[in-house]
Structure formats: structure tokens, C-alpha cells
4 protein chains.
Amino acid sequence: MIKVTVWNENRHEKKNPVVRDLYPEGIHGKIAGFLKNADYEVKTATLDEAEHGLTEEVLHNTDVLIWWGHIAHDEVSDEIVKRVQQRVLDGMGLIVLHSGHFSKIFKVLMGTSCDLKWREADEKERLWVVDPSHPIADGIGEYIELEKEEMYGEHFDIPTPDELIFTSWFEGGEIFRSGCTFKRGNGKIFYFRPGHETYPTYENEQIQRVIVNGVKWAQPADRKRPVYGNAQPLEKISEKSL
Amino acid sequence: MIKVTVWNENRHEKKNPVVRDLYPEGIHGKIAGFLKNADYEVKTATLDEAEHGLTEEVLHNTDVLIWWGHIAHDEVSDEIVKRVQQRVLDGMGLIVLHSGHFSKIFKVLMGTSCDLKWREADEKERLWVVDPSHPIADGIGEYIELEKEEMYGEHFDIPTPDELIFTSWFEGGEIFRSGCTFKRGNGKIFYFRPGHETYPTYENEQIQRVIVNGVKWAQPADRKRPVYGNAQPLEKISEKSL
Amino acid sequence: MIKVTVWNENRHEKKNPVVRDLYPEGIHGKIAGFLKNADYEVKTATLDEAEHGLTEEVLHNTDVLIWWGHIAHDEVSDEIVKRVQQRVLDGMGLIVLHSGHFSKIFKVLMGTSCDLKWREADEKERLWVVDPSHPIADGIGEYIELEKEEMYGEHFDIPTPDELIFTSWFEGGEIFRSGCTFKRGNGKIFYFRPGHETYPTYENEQIQRVIVNGVKWAQPADRKRPVYGNAQPLEKISEKSL
Amino acid sequence: MIKVTVWNENRHEKKNPVVRDLYPEGIHGKIAGFLKNADYEVKTATLDEAEHGLTEEVLHNTDVLIWWGHIAHDEVSDEIVKRVQQRVLDGMGLIVLHSGHFSKIFKVLMGTSCDLKWREADEKERLWVVDPSHPIADGIGEYIELEKEEMYGEHFDIPTPDELIFTSWFEGGEIFRSGCTFKRGNGKIFYFRPGHETYPTYENEQIQRVIVNGVKWAQPADRKRPVYGNAQPLEKISEKSL
């Protein structure tokens with residue numbers, strides 16, 4: 001059984017009644033709920049817990065970590081970021097949602113600014129599937145339509161994704177690479193754009209399906225970390241005079 | 001349960017006692033055997049059957065097709081090649097083994113010559129894992145070593161693979177991209193190099209494991225083929241005077 | 001000096017006065033014009049010439065071939081298609097424009113149906129640059145806007161492009177991967193979407209700039225075709241008892 | 001004229017007479033020499049200069065930065081690393097050589113450990129061209145052979161390269177992805193493996209040619225950095241009741 005930890009900064013929920021009404025158990029509670037229904041073993045962790053809820057033990061027992069953050073990226077300690085990065089290199093899957101594009105962990109793993117255009121204008125988003133063979137698009141139609149979402153527009157300052165699964169159309173005239181995968185070490189990363197806190201995006205069954213599929217895809221392969229450092233030859237090396 | 005069809009031209013087995021001794025049930029029989037042990041639903045098909053054993057019905061009931069061919073590529077009818085290509089675009093997985101690099105179906109799907117360097121000299125091959133996050137490398141160590149294999153060397157005239165999982169070292173001085181994935185339409189393709197008919201390569205448990213993993217990876221996503229052709233607008237298009 | 005051949009089926013120009021008025025010298029004449037201004041050595045070739053104007057000699061003296069076709073793809077002979085494919089594998093660059101997505105040569109090089117959604121509705125297209133580092137986007141702003149174009153929508157049934165440079169937003173609600181590169185053998189391929197025959201798209205200076213950049217990018221590297229076939233070892237292979 | 005800055009930590013040259021004999025003007029001096037012969041405008045910078053020789057002004061006047069470091073990676077200040085990273089995102093090309101795989105700047109841009117296997121055993125390296133279409137392989141034969149080099153072996157802990165141009169065969173039994181490109185923001189990065197300080201690798205004309213080609217490939221496109229942040233809509237957004 002795949003072990004998932006859903007991490008949320010859980011701040012909008014405390015400050016903003018609109019968000020609290022939409023997600024009375026927090027965004028992490030909502031996501032944990034539909035992942036449990038998909039038969040994953042799910043826990044949650046939030047910023048204000050000790051070590052942000054991401055102790056060595058928690059991470060060691062996490063196959064796939066889901067990350068939602070927005071207004072408190074800077075409050076995440078650099079030490080925990082390093083710990084999460086190491087776990088990804090060791091094989092843990094990581095799913096970064098929406099405003100998590102600006103989280104320390106995503107920026108550190110990408111090596112770029114991860115910047116983008118944005119706008120809050122109650123506008124329509126249509127996420128087109130551009131890779132119909134991908135398991136993350138399993139069970140999804142040609143596109144997912146969201147009546148109202150925040151706009152994210154290109155250029156999205158990320159490295160070339162290993163795979164591009166969704167590209168969004170926005171009513172206001174922009175497009176965005178909204179479903180992207182990356183590999184880092186033994187670990188797999190999926191960035192998925194939708195999920196602004198003031199919209200009921202995580203109620204949408206197609207969005208839920210994508211995240212459920214993402215967890216399955218991001219689970220670690222059964223492998224040790226490769227051996228690095230000084231290595232003995234596997235074959236005889238000839239003596240050379242020169 | 002994933003439905004696999006193992007296709008083999010099955011000619012070396014009839015002509016060459018060395019091959020028959022190694023694979024008394026044919027290369028297809030050998031591969032079908034270890035795939036059954038992995039709990040797949042497995043059938044076989046060979047060149048000399050009617051329609052090469054690849055009727056519309058067989059292909060329709062195949063999730064993943066495995067292809068082994070060598071000396072009789074030209075005897076595969078163009079009509080069957082088109083049929084298999086269409087099934088791949090519709091979502092069927094395809095695993096092309098060893099000398100299948102020169103099969104009509106692989107060449108048609110790649111668009112290139114698929115040519116390479118080769119040599120039969122009982123030489124050592126070491127397949128290094130270069131993508132430790134990939135599910136096809138699940139359970140495999142840092143490399144797989146084969147005491148004797150045919151050499152295939154670069155340049156391998158294929159399009160840039162979507163993913164490169166294995167790269168081979170050969171005793172005689174060459175390297176080769178020996179585990180490559182490609183996507184075509186709704187379908188996923190895995191090319192895996194080892195498996196010359198005069199060596200017991202498919203007895204090797206690590207090689208078996210890679211093929212078992214490959215089948216799981218290549219299974220179709222649950223999706224219809226996208227809708228193509230003339231499309232009505234999803235949004236209102238403004239009238240333009242110009 | 002880079003030698004360019006602009007190929008056009010040149011049929012709309014003969015039948016449709018709208019097209020003839022827009023492109024009195026043919027689409028090929030228009031494209032050849034701005035490429036000459038960019039200091040390339042430019043020739044043209046059209047469907048109704050002997051061997052479609054693509055003799056062995058012409059192709060041998062072409063560094064980059066530009067392809068525009070639409071209503072007469074089937075009239076291009078299979079022999080010429082094979083000849084062009086071989087030249088691409090040998091190193092010639094190929095730029096496929098707009099409806100050329102359905103040309104025999106593009107389909108053969110891709111291995112897929114190359115199908116898509118389409119609509120003629122005088123709608124706005126906005127091509128966003130998603131790879132700002134790419135030389136094909138040199139001198140281009142954040143996007144190119146075309147007041148009226150034919151719509152092409154996803155899913156575009158091509159292999160995963162090696163590079164994705166432009167993605168289009170369409171007024172009617174679709175998006176499209178509109179600037180894609182591919183490698184085949186020693187040759188480089190650039191597909192660029194815009195250019196419907198009833199719009200003055202090739203008058204647009206930004207579109208011209210992209211095609212000028214594309215030619216420079218697609219020029220052959222100074223290399224011979226790799227050596228394929230049976231190869232002598234470069235290192236001593238040990239004797240094996242087993 | 002492309003402006004190149006060759007950066008070297010320049011420490012082995014001071015401490016080790018073998019290195020000083022091989023490269024009396026330093027590794028940077030050697031590289032600067034053959035780049036000047038290729039008609040680039042070339043300067044050098046070293047670790048012990050003020051700001052490591054990489055002032056804002058120097059970087060602003062650099063199109064392509066070449067990086068050689070080994071034993072003093074930790075002495076490079078984090079501030080300068082950030083400055084170089086920002087210049088890469090702004091468009092400057094970066095060529096990282098050999099032991100530069102462990103430099104702070106490369107690790108920050110990759111987001112991974114950049115670790116690998118290594119061995120100093122005077123062994124033969126053969127770099128095979130696996131992408132014959134690439135301009136960085138222009139003028140290079142099927143492979144480059146180096147009689148003696150340090151071995152670097154897989155797994156090389158980098159993100160999937162955007163392009164893989166060379167893969168090395170080593171006498172002792174390993175392989176390595178030895179010529180890799182990456183994009184970060186507006187900038188292009190080329191990692192090239194050879195160049196251990198105790199071997200005359202940078203005397204090799206084929207190695208020189210690859211670096212000369214790399215500079216040309218890595219030069220910035222003529223583009224501003226994209227606009228990021230809050231964005232006004234380009235199209236009218238409909239009022240929504242829901």
C-alpha cells in the first residue's frame with residue numbers, strides 16, 4: 001500500500017473564511033480524503049507542527065509527498081528543505097500543487113526561478129491532454145474544464161519537463177504547461193497547476209483523478225540509491241607506456 | 001489482468017539446433033513462460049500462422065505485444081504492419097526485443113533506418129542503469145552483466161528516445177543505448193537490446209525482470225483515442241472586420 | 001552560404017483567386033523572397049515539375065528544405081518521399097509548415113497519424129514562446145499574435161517533440177504545440193504551424209523571422225553519415241570457456 | 001563576436017608540477033588560447049581574483065562562461081554562485097568541464113547531487129557520438145579516443161539531459177553520459193566530461209573542437225528575459241454568476 005503524506009502550509013484556512021468554508025478540514029484534509037478513498041495510506045503534515053511535521057521518521061515512511069504552499073514559503077526551514085530534497089533523490093515521489101511552484105523545495109529541485117505570470121480574475125481554465133499515453137491522464141477526457149481559476153501564464157521558468165501531460169488554455173489569452181513531470185535522482189516529481197485556495201478545485205472529480213493517478217505514477221521504484229565515489233575497475237586496465 | 005501476446009518469427013528455432021536446444025519451446029515459449037509466472041494473461045503468435053497470428057481479434061485483445069524477429073522481417077506483410085501500427089496508436093503497448101530493431105513495425109514507428117553496428121564475438125555486455133527512478137529498472141541492480149552476447153554499437157539510428165533507461169558497455173569498445181522508451185499516439189513502446197538467439201539471455205533473471213517490468217509500464221492508459229478532424233468552437237469567436 | 005529549397009504544391013494559388021491575390025508569386029515565391037533577404041541561397045520547387053522539382057541533384061544541393069502542401073499530398077510520389085527521407089537522415093534540414101503536417105514526408109518521419117483538430121473561423125491565434133533560450137525564438141517577443149488564422153487543436157498526434165518552442169492559444173478555446181523540433185538521423189526537423197493559404201500570415205515579420213531562424217538552426221552539421229553494419233572490435237575480446 | 005570568459009580555480013597549477021608542466025599558462029590559459037584561435041573574444045578569470053574575477057561587469061560582458069574547478073569548490077562564495085546563476089537565467093551560456101560537475105554553480109542549476117563514480121587509473125576513454133545531428137558534434141568523427149583519462153562512471157546524478165550528445169566507454173567497464181545539454185531560463189548549459197588536470201586532454205584537437213562548437217551553441221538568443229508577475233488579461237473575461 002502506497003504511503004502518502006499530504007503537506008499543507010494551512011494558513012489561508014486560518015485567516016480567510018472563504019477558504020475555510022470551501023475546505024473546512026483544510027486543503028490537506030480535502031486531498032487526504034480523496035486519496036484515502038483511492039486506497040492509499042494517507043497522513044497529513046502542516047507548517048506549524050514541529051519540524052513542519054516532516055521529521056526524518058515521517059519522510060522515511062512516505063512514498064509520495066504532496067505539497068501545497070503559498071503565503072508562507074519563507075517560513076519553511078532550509079534544513080527541512082534539504083531533508084525533503086535528499087528523500088526525493090533517494091526515491092520518494094513529490095507532487096507539487098499550484099502555488100507550490102514558488103516553494104523552496106520546488107525551486108531547489110528545479111534550479112530556476114520557477115516564476116510565471118498570474119492573475120485572479122474568476123476566469124475559465126481548460127486543461128488539454130497533450131500526452132494521451134501517460135498513466136497520469138488515465139480516465140481523463142480530452143480536457144478538464146474549470147469554470148473559475150487563477151490564471152498562470154507562460155513563460156513558466158522551469159527546466160524543460162521530462163514529460164508534458166497537460167497544457168492550459170485561459171480565457172484571458174494565456175497558455176500554461178500545467179502538468180509536467182521531472183526526475184531527480186531516484187525520485188519522480190509531478191507538478192500540477194490547478195488549486196487556488198478560493199475556488200473549489202479539489203472538489204472536481206477529474207482533478208482528484210489526476211492527483212490519484214499522480215501518486216501511483218510517482219511511487220518509488222524498488223531500488224537502492226546508486227553507489228557513488230571511488231570505484232574499482234570491473235575489467236583489467238592495460239599498462240600504458242606513454 | 002494485463003493481456004500479453006508474444007510474437008516470434010520462430011525460424012531460427014526450426015533451422016538451428018543450437019537455438020532449438022536453448023529454447024525448445026521457441027523464444028516465444030520461453031518469454032511467455034516467465035510472463036505467465038508474473039501473473040499476466042499470455043498468448044503467443046508466430047510468423048507462419050494465418051495473418052502471422054495477429055488477426056484484428058487477437059490485437060484487439062492484446063494490451064501489450066512483444067516482438068522478436070530477425071531473418072524474416074521482409075516476410076511480415078505490410079497490411080499486418082499497418083494493423084499493428086494502428087493498434088499502437090490506439091493504445092496497445094509494444095516491446096521490441098533485440099534484432100526487432102530492424103522489423104518493419106519498429107522502422108515504421110520510428111521513421112528512421114534503425115540501423116546500428118553489430119558483431120558476433122562471444123563478448124561481454126554490461127547494461128548500466130542510467131535512470132534509477134524508472135519503473136522498468138525496478139528491482140535491478142546498478143547493472144546487468146551478460147557473459148556473452150552479440151554486440152550492437154552506436155550510432156543507433158533512432159529518434160531521440162523519450163527516456164533512456166539502460167546503456168550498454170561492450171568488451172570490444174562500443175556502447176549502445178540499450179533500453180529506450182518512445183510514445184506514439186496513445187501507445188507506449190519499449191526497445192530492449194539483449195536477446196541474441198544463440199545465447200541463453202532470456203534465462204537471465206534480471207533480463208526477465210526488465211521485460212516483466214516493461215509489460216507493466218507499457219499497458220494502455222484507460223482512454224479513448226482523441227477526437228480528430230473538424231471541431232466546433234468551445235468559446236465564442238468575435239466578428240472581425242479586417 | 002546556406003542553400004534552401006522552398007517546396008510548394010502550388011495548387012491553391014492556381015484555383016483560388018483569394019490565395020492568388022495574397023501570394024501572386026505563390027506561397028513558395030513569398031517564402032523564397034524573405035529568405036533571400038536573409039542572405040540564404042534560395043531556390044523553389046513545385047509539385048507539377050518533373051520529379052516534383054526534387055531530383056537527386058536538387059536535394060543533394062539543398063541544406064534545408066521547406067515544405068508547404070495541403071490538397072495534393074497524395075499526388076506526391078512515394079519514390080520522392082523516400083528520397084527526401086533519405087536526405088533528411090543524411091543531414092538535410094526540413095521545415096514543415098502548417099498543413100504539411102499531413103504530408104507523406106512528415107508522416108513517414110514521425111511514424112504517427114499526425115492528425116489534429118481544425119477549424120476555419122477567422123479566429124485569433126497567439127503563439128507563446130515556451131523556450132526562451134532557443135535560437136529559433138531569437139528576436140521574437142513573448143508571443144506572436146495573428147488576427148485571423150485557421151485553428152489547429154490538440155491532440156496533435158506526433159511523437160513527443162525533442163523541443164517545444166511555441167504553443168498556440170486560440171480564440172475558440174483550443175491550444176496547440178505549434179513550434180516543435182525533431183531529429184531523425186543526421187537531420188533536423190522543425191514543424192511550424194501558421195500559414196493557412198487564405199490569410200496573409202507569411203507577410204508577418206515575426207513569422208518570417210521564425211522561419212529565417214529555423215533555416216539557420218536546421219542546417220546540417222559537418223559530418224558524414226555514421227558507419228553501420230558489421231564492425232571489427234576496437235579492443236581485444238577475451239576467450240571464454242563457457 | 002561572441003564574448004567568452006574562461007574561469008578556472010587555478011590551484012592544481014600552483015601546487016602540482018605535473019599540471020604546471022602540462023599547462024604552463026594554466027588550464028584557463030590553454031582553453032582561452034584555442035578559443036581565441038576560433039575568433040572568439042576571450043578573457044579569463046580565476047578563483048583568487050577579487051570576486052573570483054566574476055564581477056557584475058565581467059558577467060554582463062560575457063556571452064558564454066566556461067567553468068573548470070576541482071579541489072576548491074567550497075571556496076567559491078555563495079554570492080558569486082547566485083550571481084552566475086542569475087546571469088544564466090538571463091541568457092548567458094555556461095560550459096561546465098570535467099570536475100566542474102561538483103561545482104556549486106552546476107549543483108544549484110541541476111537540483112541534484114551531481115555525484116558519480118570515479119577512478120584515476122590511466123585508462124582509455126572513447127567518447128561515442130550518439131546525436132550526429134547536433135552542432136556540438138560538427139566536424140567530429142564517430143568517436144573521440146583519449147589514451148589516458150580519469151574514469152567517470154554512471155550513475156551520474158543529474159536531471160535527464162535535454163540532449164545527450166556523447167556517451168563514454170571506459171576500459172575498466174563503465175559508461176558515462178559525457179556530453180549533455182540543459183536549458184535554464186534564457187540560458188543554455190553544456191556539460192562536457194573530459195579534462196583531468198594530469199592529462200593533456202585539452203591539447204587534443206577533437207576535444208578543442210567540441211568546446212569551440214559548444215561556445216557557438218551556447219551563445220544567448222537575442223531576447224529579453226520574459227515578463228513575470230501579475231498580468232493584465234489580453235482578452236475580455238466574461239462575468240460569471242456562479
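Every chain is numbered from 1 and lettered A, B, ... according to where its sequence line falls, protein lines coming before strand lines. All values derive from a computational prediction rather than experimental measurement.
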| said: So for C:Ser238, is it side chain, backbone, both, or neither that comes closer than 4.5 Å to the heavy atoms of chain A? | reply: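 Nothing of C:Ser238, per the 4.5 Å heavy-atom cut-off to chain A.
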
| task | With a 4.5 angstrom heavy-atom cut-off, could you sort out which part of C:Phe170 is near chain A: side chain, backbone, both or neither? | result |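 The answer is the backbone of C:Phe170.
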
| said: At a heavy-atom distance under 4.5 Å, which candidate from C:Arg177, C:His155, C:Glu142 has the highest pair count against chain A? | reply: C:His155

| remark: Rounded to the nearest 0.5 Å, the CD1 atom of A:Ile175 sits from the CD1 atom of C:Ile175 at a distance of 7.0 Å

| Minimum heavy-atom separation for C:Lys117 to A:Trp128, with atom names? | NZ-CZ3, 4.2 Å

| Side-chain touch C:Trp169/A:Glu174, heavy atoms, less than 4.5 angstrom | no

| query | Are side-chain heavy atoms of A:Leu164 and C:Thr160 found at a separation under 4.5 Å? | reply | no

